[in-house]
Amino acid sequence: MGVVLCLGGQWGDEGKGKIVDLLAESAQMVIRSQGGNNAGHTVVVGDHTFKFNLIPAGILHPSTVCVIGNGVVLDPRVLLSELEALEEQGANLDNLVISERAHMIMPYHPVLDRLEEGARGDDRLGTTFRGVGPAYSDKVRRIGFRVGDLQKPAFLEKKLRFVLPLKNQALVRLYDAQPFTVEAILEEYTDYARRLDRFIRDPYPLIQGALAEERRVVLEGAQGTMLDLDLGTYPYVTSSYPSAGGVLAGAGIGPRHVTRTIGVFKAYTTRVGYGPFPTELEGELGEYLRERGGEYGTTTGRARRVGWFDACVARYAVAVNGIDSLALTKLDVLDELETVRICTGYRSKGQPQDHPMANISHLKHLEPEFEELPGWRRSTRGARRREELPSEARAYLDRLSELLGAGVDWVSVGAGRDQTIEPAAW
Ligand code: IMP
Ligand code: MG
């Protein structure tokens with residue numbers, strides 16, 4: 001039992017939602033602990049397709065306790081619309097807990113996100129414009145608003161009277177934009193307070209209780225290691241820590257409790273937004289994989305950039321997170337290809353390089369070195385056991401396993417819950 005850490009090993013969108021949903025089946029608790037509604041999950045159950053930005057994937061399992069943890073930044077408006085959609089589908093929300101320590105996205109955050117991106121010009125990051133970066137900046141600056149503040153109206157108002165002038169100054173003086181008023185924000189957030197009240201709690205006793213009883217807890221990472229503030233392709237990253245340390249910190253769980261760290265990887269690579277992407281495919285093949293893989297953002301609808309599997313990035317993710325189990329998703333997207341490629345090394349100015357380095361201008365000019373394997377040219381979508389995969393597909397998995405130094409324990413061959421090859425035990 002114990003804590004299973006499930007996180008993204010690439011640039012996000014690896015299909016963590018589906019894997020967490022499967023893990024949640026036998027878990028008592030699922031915790032989402034960093035990121036905000038920049039993330040997006042799609043979970044398909046029968047004929048229903050659920051899209052989540054904030055709610056942990058485990059919510060579809062009626063007895064699983066779902067926690068939106070301390071390290072999250074959430075937009076109450078977005079959260080409430082997700083809750084409404086779930087209620088309409090008859091989902092049980094009694095087991096949802098929102099940490100009073102989680103931070104809130106305030107109305108000025110998305111506005112500032114957009115304005116700051118505009119000001120960056122050619123160096124823009126391609127953020128999701130959800131206000132996530134500005135909200136985390138305010139948290140670090142100690143002028144953030146926490147979910148628990150909703151339950152303390154006088155405190156909220158006092159803080160807003162100090163913080164809002166700082167924000168308005170930036171809006172008006174730097175960007176010539178409209179200022180916000182304390183009254184309008186208070187009115188809006190008073191309504192959120194009323195509607196979210198029943199979910200807001202301190203999850204500490206609940207989480208520690210689950211750990212003490214050795215219950216199975218799944219930690220659901222958002223985004224991916226290459227978008228991590230410290231470990232990713234800075235500044236082309238998100239504003240949180242999607243790596244193992246960040247996910248644990250955001251939940252308030254120590255590393256001793258982790259019994260398994262699952263790295264979720266797509267069978268190829270995608271990235272949304274700008275920044276280095278050594279194995280990017282432009283042209284027809286990239287277009288083909290984007291269409292076949294449905295590579296358009298859950299949150300923003302943006303077309304994702306597509307490329308071959310980058311084993312240098314993946315090996316780095318395995319190392320920095322201590323990943324001991326791999327989940328490979330969307331294998332079926334490669335089904336029709338004659339050959340498949342894996343990047344096994346780079347060249348930087350002629351010199352060999354085996355991992356993504358810090359220097360962004362070097363990263364942008366890496367030349368990937370590929371290994372080519374035969375494709376399988378048959379559908380894998382019906383496979384439920386590894387033996388049912390074509391031998392070329394198995395060879396691809398074996399090679400990835402060898403390059404990354406961890407076993408491929410989960411393989412996803414379609415969006416449906418059942419389209420998965422699962423390990424016998426975990
Ligand atoms: P932000 O998180 O909105 O500030 O965006 C910063 C970068 O992270 C952009 O390149 C986004 O496209 C990317 N990003 C943020 N969240 C996700 C995610 O959940 N999946 C994939 N990319 C993401
Ligand atoms: Mg996503």
Side-chain angles (χ1 to χ4, degrees), residues 6-20 32-43 51-57 68 71-75 78 82 103 105 108-120 122-140 220-243 246-247 250 264-266 268-277 280 290 293-307 313 317 329-330 360 363-364:
C6 184
L7 47 83
Q10 294 159 320
W11 278 278
D13 304 315
E14 297 92 351
K16 294 176 293 292
K18 170 171 165 172
I19 302 297
V20 170
R32 166 84 197 273
S33 67
Q34 43 71 230
N37 48 292
N38 47 354
H41 278 156
T42 308
V43 179
K51 291 192 190 293
F52 301 125
N53 294 122
L54 284 162
I55 310 250
I68 298 181
V72 169
V73 294
L74 66 85
D75 189 328
V78 174
E82 265 176 60
H103 276 247
I105 290 177
Y108 39 81
H109 288 137
V111 177
L112 286 165
D113 199 347
R114 200 171 277 274
L115 291 169
E116 279 176 22
E117 274 282 272
R120 283 175 188 268
D122 286 346
D123 292 326
R124 66 192 183 279
L125 310 174
T127 75
T128 60
F129 293 144
R130 296 302 186 266
V132 167
Y136 274 121
S137 307
D138 282 358
K139 169 180 170 174
V140 174
E220 171 186 353
Q223 290 90 32
T225 304
M226 298 312 289
L227 289 172
D228 186 280
L229 262 177
D230 283 336
L231 299 165
T233 47
Y234 189 88
Y236 299 95
V237 293
T238 189
S239 293
S240 70
Y241 301 92
S243 56
V247 176
V264 186
F265 295 85
K266 210 173 269 189
Y268 46 101
T269 311
T270 62
R271 133 161 246 179
V272 226
Y274 301 101
F277 183 177
E280 182 164 16
R290 173 161 40 250
E295 297 296 353
Y296 294 89
T298 314
T299 306
T300 58
R302 287 183 290 174
R304 295 178 184 142
R305 297 157 66 193
V306 177
V313 156
T329 63
K330 294 194 154 183
I360 204 77
L363 259 180
K364 279 182 180 167

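As the structure lists them, so they are numbered: ligands from 1, and atoms in each ligand from 1.
- Using a 4.0 angstrom heavy-atom cutoff, Arg302 counts as in contact with ligand 1.
- For the pair Val264 and Lys18, the minimum side-chain heavy-atom distance is 4.5 Å or more.
- Side-chain atoms of Glu117 come within 3.5 Å of backbone atoms of Thr127 as a donor-acceptor pair (strictly under, hydrogens ignored).
- In this structure, Arg130 does not pair ionically with Asp75, as no charged nitrogen and carboxylate oxygen lie closer than 4.0 Å.
- The distance from ligand 1 to the heavy atoms of Gly126 drops below 4.0 Å at these ligand atoms: 9 (C), 10 (O), 11 (C), 12 (O).
- Annotation for ligand 1: atoms under 4.0 Å from non-hydrogen atoms of Gly273 are 10 (O).
- The only member of Glu14, Gln10, Glu295 that meets side chain to side chain donor-acceptor pair (under 3.5 Å) when paired with Lys266 is Glu295.
- Within the 4.5 Å cutoff, the side chain of Pro56 has no heavy atoms near those of the Val20 side chain.
- Taking 4.5 Å as the limit, every side-chain heavy atom of Gln34 sits out of range of all side-chain heavy atoms of Tyr241.
- Here's the thing with Arg130: none of its N/O atoms is less than 3.5 angstrom from an N/O atom of ligand 1.
- Ligand-side atoms of ligand 1 in range of Ala39: 19 (O), range being under 4.0 angstrom from any heavy atom.
- Residue-level proximity to ligand 1 for Leu125 is carried by the backbone, the only part with a heavy atom below 4.0 angstrom.
- The environment of OH in Tyr234 is sparse: at most 12 heavy-atom neighbours from other residues, nucleotides or ligands sit within 6.0 Å.
- At least one N/O-N/O distance between Gln223 and ligand 1 falls below 3.5 Å.
- Contacts of Val237 with ligand 1, taken as heavy-atom pairs under 4.0 Å, involve the backbone alone.
- Considering backbone and side-chain N/O atoms, Thr238 comes within less than 3.5 Å of an N/O atom of ligand 1.
- Checked by distance only, ligand 1 and Thr128 come closer than 3.5 Å through their nitrogen or oxygen atoms.
- Considering backbone and side-chain N/O of Arg271, none are found under 3.5 Å from N/O of ligand 1.
- When heavy-atom distances to ligand 1 are checked against a 4.0 Å cut-off, Tyr236 has no atom that comes that close, whether in backbone or side chain.
- Of the N or O atoms in Gly12, none lie within a sub-3.5 Å distance of an N or O in ligand 1.
- No donor-acceptor pair closer than 3.5 Å links the side chain of Arg302 to the backbone N or O of Thr300.
- The neighbour count for Tyr274 OH, taken as heavy atoms of other residues, nucleotides or ligands under 6.0 Å away, does not exceed 12.
- Close contacts between ligand 1 and Trp11 involve ligand atoms 21 (C), 22 (N) [criterion: under 4.0 Å to a heavy atom].
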